S.K.: 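Handing you a structure now.
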Amino acid sequence: MATPNHVLGLLIFLAFLKLRNAASTFNPEDNYLIDCGSLTNTMVGQRVFEADTGRSWTLTTPNNIIANNTTPSTVSSLDSSSLYLNARIFNKPSSYSFPIQQKGRHFIRLYFFPFDNKDFNLTTAQFSISTQDNVLLDNFRPRQDSITAFKEFSVNLTRDTLILTFSPENNSVAFVNALEVVSVPDNLILDTAQTVNTKATYRGLSTQLLETVYRINMGGPKIISVNDTLWRTWVPDGSYLVDPKLAQNVSYGGTISYINGATSAEIAPDLVYSTATRLLPQNSTMSASYNVTWNFNVQAGFSYVVRMHFCDIVSKALNNLYFSSYINSWSATNDIDLSTLAANTLHTAVFMDFVVDIPGESNRLSVSIGPSDINNVFPDGILNGLEIMKISSSYAGNVVEPKSKGNTGAIVGAVLGVMGVVIVAIVVFFCLRKRKRAKKQQSKTWLPFSINGGTSQSLASRATNGTAATSGVNGNLGYRFSFVVLQEATNNFDENWVIGLGGFGKVYKGVLRDDTKVAVKRGNPKSQQGLNEFRTEIELLSRLRHRHLVSLIGFCDERNEMILVYEYMEKGTLKSHLYGSNLPNLSWEQRLEICIGSARGLHYLHTGSAKAIIHRDVKSANILLDENLMAKVADFGLSKTGPELDQTHVSTAVKGSFGYLDPEYFRRQQLTEKSDVYSFGVVLLEVLCARPVIDPTLPREMVNLAEWGMKWQKRGELDQIVDPRIAGDIKPDSLRKFAETVEKCLADFGVERPTMGDVLWNLEYAFQLQEAGSTDSLVNSINRITELSSQVRDMNNTQPVMETGVGNISSNDLSDISMSRVFSQLIKSEGR
Ligand SMILES: *[C@@H]1O[C@H](CO)[C@@H](O)[C@H](O)[C@H]1NC(C)=O
Ligand SMILES: *[C@@H]1O[C@H](CO)[C@@H](O)[C@H](O)[C@H]1NC(C)=O
Ligand SMILES: *[C@@H]1O[C@H](CO)[C@@H](O)[C@H](O)[C@H]1NC(C)=O
Ligand SMILES: *[C@@H]1O[C@H](CO)[C@@H](O)[C@H](O)[C@H]1NC(C)=O
Ligand SMILES: *[C@@H]1O[C@H](CO)[C@@H](O)[C@H](O)[C@H]1NC(C)=O
Ligand SMILES: *[C@@H]1O[C@H](CO)[C@@H](O)[C@H](O)[C@H]1NC(C)=O
Ligand SMILES: *[C@@H]1O[C@H](CO)[C@@H](O)[C@H](O)[C@H]1NC(C)=O
Ligand SMILES: *[C@@H]1O[C@H](CO)[C@@H](O)[C@H](O)[C@H]1NC(C)=O
C-alpha cells in the first residue's frame with residue numbers, strides 16, 4: 001500500500017439511478033449517423049445511417065475519395081457489417097463538421113475496416129483524428145489489433161459545432177467507414193469517482209474525454225447494439241476470466257428494479273443487470289476463500305475509469321450478500337452490502353465509478369471480486385457488468401485532488417440532469433493494516449474450536465471470560481438440542497418457514513413439540529466465518545440475560561451443524577412497524593416505550609458485564625418486538641467485546657450498516673460504545689420520522705436521514721419532519737426532549753455523545769413529558785427526573801455496579817444465568 005502507516009480512507013461512490021418513468025427509448029437531441037462513403041442510406045437495427053452526402057453536416061475537403069469494399073464477404077459475419085462496405089478516404093487533412101443542438105455528453109463512434117481496394121491498401125493507413133479540443137486517436141493504425149476497429153469516445157461538447165478532423169500521417173491516408181455523433185444523457189458520466197491507488201476523490205470527469213475500451217456483460221451473452229437504448233455493445237466476460245472454474249453464471253428472469261421504479265436502461269440495459277458472474281459456492285474440500293478475477297489489457301501510464309454495475313439478483317432476502325472488490329489489487333469496495341446500497345431492495349441496479357492509474361511499466365488492469373472479511377458472512381460476491389474507459393488526457397499520471405476533509409461518513413446525494421439521477425455517495429473509510437492486525441488478535445484470542453462433540457476443545461472454556469472452564473460442549477452454554485428435534489420443529493427446514501436471512505445463515509420459524517415458538521438460526525456448516533460467529537454468539541448470549549435482549553434458548557452442534565435457537569419474537573422488527581409494510585401505526589407512546597426498551601438492552605450490553613460489549617450493528621431491523629410490542633435487541637453477530645481497561649477503543653474494520661454508521665468510527669477505526677450511541681440516535685430519528693435512513697430516491701439533502709434530521713434540528717424545526725401519523729399527538733415538550741437526545745447522540749465526536757444510560761434517562765423523561773396530563777404532573781415528573789438524574793450520576797461514578805432505578809439495570813431486567821432454567825421457563829410460559 002502506498003501509505004502503509006496511515007489509515008486509508010475509501011470513498012465509495014454509488015450512483016443510484018432514477019430515470020424517466022416513461023418506458024420510451026432514449027431520443028438523442030444530436031443524432032448524426034453516417035455511413036461514410038456510401039451513396040445510399042443503411043439500416044442498422046432501427047437506426048438509419050445516412051448516405052455520406054452531407055445534409056445536416058458538412059465535409060470540408062476537396063481531396064477525398066469514396067471507396068467500395070471489393071471483398072464484402074470479409075465483413076459479413078461482423079456486427080453492423082453493412083457499415084463496412086464503403087469508406088471515405090482522405091489523403092489530405094479533412095474535417096466533418098456537425099452543428100451541435102445540445103451541449104453536453106456525446107458519444108463519438110468510429111467504425112474502421114481496413115479493406116483492400118484496387119486503389120488503396122487501407123491496411124497500412126496511419127492517421128490521427130481530433131476535435132477542436134481533443135485528440136481522439138493519434139497515429140492510429142486500424143489494422144494493428146484486429147480485423148475491424150471500432151472506437152467509442154464519450155466527450156462533453158461545449159461548442160456549437162463539432163469539427164472532426166482526419167489527418168493522414170506522412171504518405172499514408174486516413175479513412176473511416178462509418179461514424180456517429182449522438183447525444184447521451186448528461187448523467188451518464190458523473191463528475192467524480194473514487195481513486196483506488198490512493199484513496200481520494202477524482203474530480204473533473206465531466207470535462208474529460210473518455211475512450212471506452214471494454215464494456216462487459218458479466219455472466220451473460222453478448223448484448224448487441226440494437227438491444228441497448230444507447231446502442232452500446234456488451235461482450236461476455238468469459239475470455240477475460242482468469243480462472244473460469246471459480247465462477248458461475250447466474251441470471252434472473254424477473255424485472256430489474258430501479259430506485260423509484262423507473263428505468264435505467266440508459267445507464268445499462270436490464271439485460272446487463274439480470275445476469276452476473278458469481279463466486280462459485282465453496283464446497284467442503286475447498287474451504288479457502290478466493291477471488292474471481294478478470295484481466296484486461298490497457299495502455300501503460302494512463303488512468304482508467306472503471307465502472308462496476310451491480311444488482312443483487314441472487315439473494316432471497318436483504319442484507320445477505322456482502323463482498324469486496326479490487327482493481328489491480330487495490331481495494332475498491334470493502335465489505336459492500338448490496339441491499340443497503342440499493343436502498344434496501346433486491347434486484348435493484350447500482351453502479352460505482354473508480355479511477356485507477358496504470359503504472360508506466362504495466363499494461364494490465366485486473367478487476368476482482370472476493371469474499372467479505374466480515375466474520376459472519378458467507379463467502380460470496382457478484383459482478384453484473386463492467387465498463388473500462390481510458391481518460392485520454394491522463395497520460396503520465398493525473399492530478400488527484402486530496403479528499404476534502406469533513407463530510408466523512410456522510411451521504412452525499414445529488415439530483416442531476418434531465419433524468420433526475422440521484423447519486424449517492426457513501427463514504428467508507430477503512431484500514432487494511434488495522435484490519436489485519438485485528439484479525440490476528442482475534443485468532444490469538446479465540447481458542448481453536450471444533451464443533452465435533454468428542455474431540456472438540458471445550459466450547460465453554462472461554463464462555464465465561466475464561467474463569468470457568470467446564471468440560472464438554474454442553475457446559476453452561478444452554479440447552480443442547482438434537483438435530484432431529486429441530487428438523488421436526490422447522491418442518492425439516494422448510495424454505496417456506498424462513499423468516500429471515502442473515503450473514504450467518506437462514507432463520508426459520510420453529511415450533512417445538514410443546515408448541516413453543518422459536519427462531520432457529522442455521523449456520524452454514526462449512527463456513528469458517530460462520531464458525532467464528534457461532535462461537536461469538538454462544539459465548540456472548542450465554543453470558544447475557546436481559547429482558548430487552550433476545551434470548552438464546554439453545555443450540556445444536558450435531559452433524560457439524562451450527563444452529564442457534566432463540567426465543568421467537570412475534571411482532572418482528574421495529575423497522576417493519578415504521579414503514580414499508582401495512583402493519584398498524586405505532587403511537588408516539590408505543591414508539592417511546594420501544595426506544596426505551598432498546599436503550600435498556602443496549603445499556604445493559606455496554607455496562608452489564610465487566611467488559612463492555614459493543615453491539616456494532618444497532619439498527620431498527622435489529623430491534624425485535626414481542627407480542628406485547630416489548631423491544632428486544634437482537635443479532636449480536638457483529639458484537640465485539642469492548643475496550644480493555646488500558647485501551648480506550650477497539651481498533652477494527654468497519655462493520656455495521658450504512659446510514660447508521662458512526663462517522664468517527666469511519667474516520668478513526670475506533671470502536672467505542674459511543675458508536676452504538678450514534679447508531680441508536682439514527683434509530684431514534686427513524687422512529688420519529690418513519691422513513692428509511694437512506695432513501696436515494698429523495699432529493700439530495702434528504703437522502704441521509706441523520707443529515708437531514710440534524711439540519712432541521714439545528715434550525716429548531718424538527719417537528720416539521722415528524723411522521724404525520726403521530727405529529728398531532730406528540731406533546732411539544734416531549735418532542736423537544738427527544739430531539740435534543742437525538743442531537744446529542746449524533747454528535748460528531750464520541751466524547752460529546754451521551755452514554756447509553758444518559759440516553760435512556762432522557763427518553764424516560766421524554767416519555768414522562770408526553771404522559772404528563774397536566775402542569776402538575778409535569779412538575780412532578782421533573783422532580784422525579786432530577787432525582788433520577790442524580791442516581792445516574794452516581795451510577796456513572798460507581799460503575800459497573802448496578803442499582804435499581806431508571807438508567808440503571810433494574811433487577812427484574814436481569815434474567816437468570818442458567819440456560820436450562822431459561823429454557824424450562826420458556827417451555828412453561830408457552831406462547832408468552
Ligand atoms: C461503389 O458501389 C456503388 C454501387 O454499389 C457504385 O454506384 C459506385 O460507383 C462504386 N464506387 C466506386 C468508387 O467504385
Ligand atoms: C496491403 O498491405 C498489407 C501490409 O503491408 C499486405 O500484407 C497486403 O498484402 C497488402 N495488400 C495488397 C492488395 O497489396
Ligand atoms: C513521418 O515520416 C518521417 C520521415 O520519413 C518520420 O521521421 C516520421 O517518424 C514519420 N511520422 C510518423 C508519424 O510515422
Ligand atoms: C461539460 O463541461 C462543462 C464545463 O466545461 C460543465 O459545466 C458541464 O457540466 C459538463 N457537462 C457534463 C454533462 O458533464
Ligand atoms: C457463462 O455464460 C457465457 C455466455 O452465455 C458462456 O460463454 C459461458 O460459458 C458461461 N460460463 C459458465 C461457467 O457456464
Ligand atoms: C435483441 O434484439 C433483437 C432484435 O430487436 C431481438 O430479436 C432479441 O430478442 C433481442 N434480444 C434480447 C435478449 O432482448
Ligand atoms: C470441490 O472443489 C474442488 C476444487 O475445485 C473440486 O476438485 C471438487 O470436485 C469439488 N467437490 C464437489 C463436491 O463439488
Ligand atoms: C483478493 O484479492 C485481494 C487483492 O489482491 C487480496 O488482498 C485478497 O486477500 C484476496 N482475497 C482472497 C480471498 O484471496
Side-chain angles (χ1 to χ4, degrees), residues 319 322 334-337 339-340 372-377 409 426 428-431 434-435 437-439 441-442 445-446 502-504 521 529-530 532-541 543-544 546 548-550 573-575 598-599 601-609 611-624 632-644 647-684 686 693 706 745-746 750 753 755-756 759:
N319 306 107
Y322 290 79
N334 202 41
D335 299 334
I336 196 156
D337 170 10
S339 310
T340 311
S372 157
D373 277 347
I374 298 178
N375 269 340
N376 56 334
V377 311
I426 294 190
V428 176
F429 282 77
F430 77 113
C431 167
K434 291 202 170 172
R435 158 191 299 282
R437 196 200 290 152
K439 265 198 205 153
Q441 276 175 358
Q442 214 169 37
T445 319
W446 299 112
F504 178 77
K521 196 170 176 185
Q529 283 152 341
N532 284 337
E533 164 121 352
F534 189 56
R535 185 167 54 203
T536 309
E537 293 236 15
I538 292 191
E539 287 198 19
L540 279 172
L541 290 175
R543 292 207 302 258
L544 299 170
H546 191 271
H548 291 291
L549 297 180
V550 172
T573 67
L574 166 61
K575 184 175 180 172
S598 342
L602 287 171
H603 178 52
Y604 172 72
L605 273 185
H606 289 176
T607 56
S609 46
K611 219 167 150 194
I613 290 159
I614 303 168
H615 185 291
R616 302 226 276 175
D617 198 15
V618 175
K619 56 180 176 185
S620 58
N622 277 340
I623 294 171
L624 302 183
K632 300 197 181 200
V633 178
D635 204 344
F636 303 95
L638 294 179
S639 297
K640 197 173 172 85
T641 316
E644 300 283 357
Q647 285 178 330
T648 54
H649 65 267
V650 175
S651 278
T652 176
V654 171
K655 294 174 185 175
S657 301
F658 291 117
Y660 294 96
L661 274 172
D662 170 10
E664 190 175 46
Y665 178 23
F666 267 132
R667 279 196 299 270
R668 302 177 50 193
Q669 301 292 303
Q670 294 179 354
L671 187 66
T672 69
E673 295 94 312
K674 298 296 182 67
S675 307
D676 282 351
V677 172
Y678 182 92
S679 306
F680 190 70
V682 180
V683 171
L684 293 180
E686 210 180 344
V693 294
C745 289
L746 296 183
R753 293 177 207 144
T755 62
M756 220 49 231
V759 174

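Not measured: the values here are computed from a predicted model.
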S.K.: Hey, are the side chains of Arg753 and Cys745 touching, using non-hydrogen atoms and a 4.5 Å cut-off?
M.R.: no
S.K.: Could you check whether any side-chain N or O of Asp676 sits under 3.5 Å from a backbone N or O of Arg616, counting only pairs where one atom can act as donor and the other as acceptor?
M.R.: yes
S.K.: Going by heavy atoms in the side chains, are Leu602 and Phe680 under 4.5 Å from each other?
M.R.: yes
S.K.: For Ser339 and Asn319, which heavy atoms make the closest approach, and how far apart are they?
M.R.: OG-N, 2.6 Å
S.K.: Can you tell me how far the OH atom of Tyr322 sits from the CD1 atom of Ile336, to the nearest 0.5 Å?
M.R.: 11.5 Å
S.K.: Please round to the nearest 0.5 Å and tell me the distance separating atom NZ of Lys632 and atom NE2 of His546.
M.R.: 10.0 Å
S.K.: Sequence neighbours excluded, which residues qualify as side chain to side chain donor-acceptor pair (under 3.5 Å) partners of Ser675?
M.R.: Asp662
S.K.: Could you report the tightest heavy-atom contact between Val693 and Gly659, atom names first, then the distance?
M.R.: CG2-CA, 4.0 Å
S.K.: For a quick test of reading the model, state the closest non-hydrogen atom pair linking Leu549 to Gly601 and the distance between them.
M.R.: CD2-O, 3.7 Å
S.K.: With the side chain counted from C-beta on, respond yes when Thr573 and Ile623 share a heavy-atom pair under 4.5 Å apart, and no when they do not.
M.R.: no
S.K.: Answer yes or no: is there a donor N or O on one side and an acceptor on the other, between the side chain of Lys674 and the main chain of Gly750, under 3.5 Å?
M.R.: yes
S.K.: Using a strict 4.0 Å threshold on nitrogen-to-oxygen distance, state whether Lys619 and Asp617 make a salt bridge.
M.R.: yes
S.K.: Please examine the side chains of His615 and Asn622, heavy atoms only from C-beta on, and report whether any two atoms are closer than 4.5 Å.
M.R.: yes
S.K.: Looking at every non-hydrogen atom in both residues, tell me the closest pair between Glu686 and Ser620 and how far apart they are.
M.R.: OE2-OG, 2.6 Å
S.K.: Rounded to the nearest 0.5 Å, how far does NE2 of His606 lie from CD of Glu673?
M.R.: 5.5 Å
S.K.: Going by heavy atoms in the side chains, are Val683 and Leu574 under 4.5 Å from each other?
M.R.: yes
S.K.: Do Val677 and Met756 have side chains that approach each other closer than 4.5 Å (heavy atoms only, starting at C-beta)?
M.R.: yes
S.K.: Listed by chain and number, what are the side-chain contact (heavy atoms from CB on, under 4.5 Å) partners of Ser679, not counting sequence neighbours?
M.R.: Val618, Tyr660
